[in-house]
Structure formats: C-alpha cells, structure tokens
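Any value given below was found using the heavy atoms of this structure, including those in side chains, with hydrogens, waters and symmetry copies removed. Note that the coordinates shown come from a computational prediction; the quantities given were computed from them, not determined experimentally.
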Amino acid sequence: MKRNVNSLVVALLLGISPAWAQETLEQGSMDHGAMQGGSPPPDARDPHAWSGGQDFGPLPRMRMADEHTFGSLLVDRLEYVESRNNNATAYEIQGWWGRDYDRLVLKAEGEIEGGRLHEAHTELLWGHAIAAYWNTQLGVRHDHGEAPDRTWLAFGIEGLAPYRFKVDITAYVGEQGRSALRLGAEYELLFTQRLILQPRVEANLYGKRDEARDQGSGLSDVTAGLRLRYEIHRQFSPYIGAEWSGLYGGTADFARASGARTDETRWVAGVRAWF
C-alpha cells in the first residue's frame, strides 16, 4: 500500500504514468540494496573506469596539491648576544625544499665571537611526514668552529605536540663510538595577533667523553630562554629577550678547569624572518 502511494505521488509530481513510476521505484530499491549489501564492481578503484574513455588529450594532467614542489627559508634567530664577560652574534636558520610528504631540510646554527666562528652545527636531513603534524628526519650533522670538527649520523622526529608545543628530538651517532641526544621544545604565546612571547628550552646529552671539545658524558648543557617579538609583517619580526644556560657533569668540570663559568644569563636582541 505504501509503495503504491509513493508511486502515485511521483507520478503526480512528474506528470508520468503511475505504472512507470512504480517500476522505477522498484528498480531503484533493488539497485540501492545491491550497492549497500553487494560486492563492489572490480573496477571501483580504477580512476579511468568512469570517464567514458575520455582523457586530458593535449592538455597537461592536473596535479594535486601534494604533488607540487615548494621551498622555504626561516631565519629563526639572528641576534646580538650580550653577557657579563663577552658578546657574540648567534644565528639559527632552517630551509627546506620538496613536497608535503618528503623534503630536503637544512639546519644551521652557531655563534660568532670576536669576528671568528666560535661554534657551529650544520645538518642536512631528509624529512618524511608520518602524521599531520609530525616528521621523521634522517641525515648527517657536522660540528665545526674553534674546536675539532665532528661528523654525526642524525635521525630524529619533530612536530607539534598537543597544545601546540613544538618538539624536536634528534639522536646522533658519530665516529669512534660517540653518541649524542638533543632535546628541544618551544611554545608561542600570543598576547595579540602580532605580539608573541616564545619560551624555549634545549638540552644536549653525550654518550662519551670528548676532551678535545671539552665535553663530558651524560647531560652536558641546558639552555632556556624567553623572546618577545613583534610581527611588523608576518614575514619579519624584531625581538628582545633573555637566555640562561648552564653546564653539567664532565662539561662543567672542563669549564671550571679553564676558569670559565658554568652558568650565565645573556640578553639578546634580533630579528626573525622567513621567505
């Protein structure tokens, strides 16, 4: 009875015969049941199966967003550093080139004191996305400066943890059984859309004593800082801040033996920019 009523309503609305409407409803019901409970056709995942034989012809094929290649350069820190005993220029730069899932990453950071490169770390990595906010990275790191050079194999993970904490964890394996672990985290606290406070902390651990570089085993150093920046433009923002650093374990022993301090507070002023 209900089906008859439905066919009559369809017929009245479309101006067709009730018999034809009844037959159409029955066929639709059977097709719907087959689609819901039956097996999909063997070519259901074939992107060309439903094009009716048509293709792009002489036109180039459209490319999805994750097929395009992009690049970016971030100057995260370019700052003047002043402490009780000396001053320096510090930099931290990160660039990448590639696609959404795979990209080549370059990381470089260091300090220049008295016109000479005091310490620098440069990493060349291949990054691969494993989740919406997380990337794995594999490559090499090279330490250079006034101390003897060191080269490491690097592998790590970086991304955004819950509550938008940026986390960077990288392990290193070097020559002569050396190993290291670097832990970093930072957060951006928005007072306004342009005024941003950035807390940041970093720790370095080494598995083996390295006297040539005045590094002990275990926890070597911890650095924590606050930087307040104002985004004049989204791609350019000056900042000021303060940073505290401390040495621990065998690294602190090396510093005491040379008459250096094991902890210090430094004032910074610089710019952050990206292209």
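Residues passing the salt bridge (Lys or Arg N to Asp or Glu O under 4.0 Å) test with Arg103, sequence neighbours excluded: none. Shown here are the side-chain hydrogen bond (donor to acceptor under 3.5 Å, both in side chains) partners of Arg150, two or more places apart in sequence or in another chain: Asp210. Residues that satisfy the side-chain hydrogen bond (donor to acceptor under 3.5 Å, both in side chains) test with Glu175, not counting sequence neighbours, are absent from this structure. Partners of Thr69 by side-chain contact (heavy atoms from CB on, under 4.5 Å), not counting sequence neighbours, listed by chain and number: Trp97, Arg99. With sequence neighbours excluded, the residues forming a salt bridge (Lys or Arg N to Asp or Glu O under 4.0 Å) with Asp168 are Lys107, listed by chain and number. With sequence neighbours excluded, the residues satisfying side-chain hydrogen bond (donor to acceptor under 3.5 Å, both in side chains) with Gln198 are Glu186. For the salt bridge (Lys or Arg N to Asp or Glu O under 4.0 Å) test, residues two or more places apart in sequence or in another chain that qualify with Glu123 are Arg182. For Arg234, the salt bridge (Lys or Arg N to Asp or Glu O under 4.0 Å) partners are Glu231, not counting sequence neighbours. Asp263 meets the side-chain hydrogen bond (donor to acceptor under 3.5 Å, both in side chains) test with no other residue; sequence neighbours excluded.
The hydrophobic cluster containing Leu190 also includes Ile196, under a criterion of side-chain heavy atoms closer than 4.5 Å among ILVMFWY residues, counted directly or through chains of members. Counting Ile, Leu, Val, Met, Phe, Trp and Tyr side chains that sit under 4.5 Å apart, directly or through other members, Trp96 shares a hydrophobic cluster with Phe70, Val105, Leu125.
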For a quick test of your reading: what N or O donor-acceptor pairs under 3.5 Å do the side chains of residues 111-118 make, sequence neighbours left out?
| residue | atom | partner | partner atom | Å |
| --- | --- | --- | --- | --- |
| Glu111 | OE2 | Arg266 | NH1 | 2.9 |
| Glu111 | OE2 | Arg266 | NH2 | 3.2 |
| Arg116 | NH2 | Glu146 | OE2 | 3.2 |
| His118 | ND1 | Glu146 | OE1 | 3.3 |

